[in-house]
Asker: 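Below is the structure I would like to discuss, written out as structure tokens.
Throughout, numbering of the chain's residues begins at 1 and tracks the sequence.
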Amino acid sequence: MQESTVTVKGQTTLPKDVRTALGLASGDRVRYVILDGEVRLLKVQPVSGLAGLLARPARKPVSLEEMDEAISGAAAEGSKA
């Protein structure tokens, strides 16, 4: 279990094992998530890292018209219920 001391200014140094586990380097940003009395530390990922995340090379792109048709069809199904 890793520990560090909090300074008077509320600062601390992340232990090397923690930095390594999160892939942190100097200048990286971290996010604190508080859940049920516990704090989770996450490395902030830039939005540019999301590029291509949903890419499906085996599937053809869906056109706006096809999206509109699917939405209209679902809305029509929902109004029948």
Side-chain angles (χ1 to χ4, degrees):
M1 182 177 298
Q2 300 294 321
E3 294 182 1
S4 62
T5 302
V6 178
T7 68
V8 174
K9 292 183 177 183
Q11 298 172 339
T12 188
T13 299
L14 296 176
K16 184 175 191 237
D17 292 345
V18 174
R19 294 190 312 266
T20 300
L22 293 176
L24 293 172
S26 179
D28 285 343
R29 297 182 58 83
V30 293
R31 176 169 293 135
Y32 301 91
V33 179
I34 302 170
L35 297 169
D36 299 324
E38 293 183 359
V39 178
R40 295 184 185 185
L41 184 65
L42 307 169
K43 180 178 180 180
V44 173
Q45 300 293 334
V47 173
S48 61
L50 299 175
L53 181 69
L54 301 177
R56 304 275 161 107
R59 297 177 77 177
K60 74 175 187 84
V62 178
S63 70
L64 291 176
E65 291 78 19
E66 292 170 320
M67 286 185 213
D68 286 340
E69 288 175 18
I71 292 168
S72 297
E77 287 292 321
S79 66
K80 291 179 184 178

Asker: When you group the ILVMFWY residues by side-chain heavy-atom contacts below 4.5 Å and let the links chain together, are Leu50 and Val44 in the same group?
Answerer: no
Asker: List the atom of Pro15, the atom of Gln2, and the distance in Å for their closest heavy-atom pair.
Answerer: CB-OE1, 3.4 Å
Asker: Return the CZ to CG distance between Arg19 and Leu41, rounded to the nearest 0.5 Å.
Answerer: 12.0 Å
Asker: More than 12 heavy atoms of other residues, nucleotides or ligands under 6.0 Å from CD of Glu38: is that the case?
Answerer: no
Asker: Look at the side-chain heavy atoms of Ile, Leu, Val, Met, Phe, Trp and Tyr, link any pair under 4.5 Å apart, and say whether Val30 and Ile34 land in one connected group.
Answerer: yes
Asker: CG/Asp28 to CG/Leu14 distance, rounded to the nearest 0.5 angstrom?
Answerer: 11.0 Å
Asker: Looking at residues at least two apart in the chain, or sitting in another chain, which of them share a salt bridge (charged side-chain N to carboxylate O under 4.0 Å, His left out) with Glu69?
Answerer: none
Asker: Using salt bridge (charged side-chain N to carboxylate O under 4.0 Å, His left out) as the criterion, list what pairs up with Lys16, not counting sequence neighbours.
Answerer: none
Asker: Following the transitive rule for hydrophobic clusters with a side-chain heavy-atom cut-off under 4.5 Å over Ile, Leu, Val, Met, Phe, Trp and Tyr, establish whether Val39 and Val6 coincide in one cluster.
Answerer: no
Asker: If a pair satisfies salt bridge (charged side-chain N to carboxylate O under 4.0 Å, His left out) and one of its residues is in residues 5-14, list it, with sequence neighbours excluded.
Answerer: none
